[in-house]
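These numbers were taken from a predicted model, which means no experiment stands behind them.
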Amino acid sequence: MAEVLVLVDHVDGAVRKPTLELLTLARRIGDPVAVALGAGAGATAAVLGEHGAVRVLTSDAPEFADYLVVPKVDALQAAFEAVSPVAVLVVSSAEGKEIAARLALRVGSGIITDATDLEAGEQGVVATQAAFAASYTTKSRVSRGVPVITVKPNSAPVEPAAAAGTVESLSVSFGEAATGTKVTSRTPRESTGRPELTEAAIVVSGGRGVNGAENFPLIEALADSLGAAVGASRAAVDAGWYPHTSQVGQTGKSVSPQLYIASGISGAIQHRAGMQTSKTIVAINKDAEAPIFELVDYGVVGDLFAVVPQLTEEINTRKG
């Protein structure tokens, strides 16, 4: 069967969930060949093999940690030339999109970003995307070269499927551009103990209706009761009520969880563009005419200061 390259997103050998989702999608169109780069790359093989990777190409060269992006592009290009895949799949993160774009340019291929599903078609891989602020769903394929596709997290289930997971060393020759931008220092992000926003299965977001940073603990308490990530609308972020890193929307982060709860968010197009592909959407808003209610699966017309604490209490009671 034809092979599909999957760039592994991992931290010191711990494979992140979106990569396992990519392996599920890759098996629909071929045999997954994983490319693991950086410190701990070899330690990823067991998990990748358990989720369908027939081979794991690894390289732990120091360039991956010392310099930005280009060394990974060099390595992925080397894997591309060694494997001759029918597609290349990358997690749809800021870094992933840049790597994918650079690779596509180098190998003369078309690129599709933010795919939410993949299938094998008669004329090549077909990707499903959300277009025009997620108002439409489209199916696309590239018309030139091998498709390079970035896939949004939570687009597919994680499905174990035992495969060989044979580890092979990847030989990489780094070009002059690889050392052009050096990492001089790193500051670890402070952990909240909650899931990563773009990867979370459940997201609880607050907006203008939260009416102040001092009230966001209500949103956090609901999120914690569900094991969810916390998001915020642009209005809440611009007001300084919550960090920009938690902004959901066209100018923030795009999320596609199984459950999205919007509290005190009107549903402006800017926000909808970042969450409209969520599988189930629940809104809590005291304005029955709020645009968010045009989008939701379930809506609660009520004061979030009354509804959210009751919902949190009920969830904790049922858990207890």
### Contact check, side chains of V248 and L197, non-hydrogen atoms, under 4.5 Å
yes
### Set of ring pair (Phe, Tyr, Trp, His ring centres under 6.0 Å) partners for Y67, sequence neighbours left out
none
### Query
Heavy atoms, side chains only, cut-off 4.5 Å: are T137 and Q129 in contact?
no
### Message
When you measure from the side chain of T19 to the backbone of V15, do you find a donor-acceptor pair of N or O atoms at a distance under 3.5 Å?
### Response
no
## Note on the structure
Exactly one candidate in L170, V90, T58, V83 meets side chain to side chain contact (heavy atoms under 4.5 Å, CB included) with V35; the answer is L170
### Task
Check whether any side-chain N or O of S278 sits under 3.5 Å from a backbone N or O of T280 as a donor-acceptor pair, and report yes or no.
no
### Task
Quick one: closest heavy-atom pair of S225 and N316, and the distance?
CB-OD1, 3.3 Å
### Message
When you compare the side chains of K279 and S256, does any donor N or O come within less than 3.5 Å of an acceptor on the partner?
### Response
yes
### Query
Ignoring hydrogens and geometry, is there a side-chain-to-backbone donor-acceptor pair from K286 to L304 under 3.5 Å?
no
#### Entry: Partner set under side-chain hydrogen bond (donor to acceptor under 3.5 Å, both in side chains) for R186, not counting sequence neighbours
none
### Query
Do T277 and K152 have a side chain donor and acceptor closer than 3.5 Å?
yes
### Message
Looking at every heavy atom in both A178 and D74, which two are closest together, and how far apart are they?
### Response
CB-OD2, 3.4 Å
### Backbone of G96 reached by a side-chain donor or acceptor of S93 within 3.5 Å
yes
#### Entry: Residues forming a side-chain hydrogen bond (donor to acceptor under 3.5 Å, both in side chains) with K139, sequence neighbours excluded
E119, T128
### Query
Between H10, E21, E196, which is the residue that forms a side chain to side chain contact (heavy atoms under 4.5 Å, CB included) with R16?
E196
### Message
Could you check whether any side-chain N or O of R194 sits under 3.5 Å from a backbone N or O of G227, counting only pairs where one atom can act as donor and the other as acceptor?
### Response
no
### Task
Taking atom types as modelled, find out whether Q77 and E81 have a side-chain donor-acceptor pair closer than 3.5 angstrom.
yes
### Query
If you look at every heavy atom in G231 and V203, which pair is closest and at what distance?
N-CG1, 4.2 Å
### Task
Specify whether Y260 and H271 have parallel, tilted or perpendicular ring planes, treating 30° as the upper limit for parallel and 60° as the lower limit for perpendicular.
tilted
### Query
Can you check whether F293 and Y298 have ring centres sitting under 6.0 Å from each other?
no
### Query
Any sub-3.5 Å donor-acceptor pair from T150's side-chain atoms to S92's backbone N or O?
no
### K97, NZ atom: more than 12 neighbouring heavy atoms under 6.0 Å
yes
### Message
Between N154 and A200 (side chain of the first, backbone of the second, donor and acceptor by atom type, cut-off under 3.5 Å), is there such a pair?
### Response
yes
### Message
Distance alone, cut at 3.5 Å: any donor-acceptor contact between the side chains of R234 and Q247?
### Response
no
### Task
Identify the two heavy atoms, one from S205 and one from I265, that lie closest to each other, and give their separation to 0.1 Å.
CB-CD1, 3.7 Å
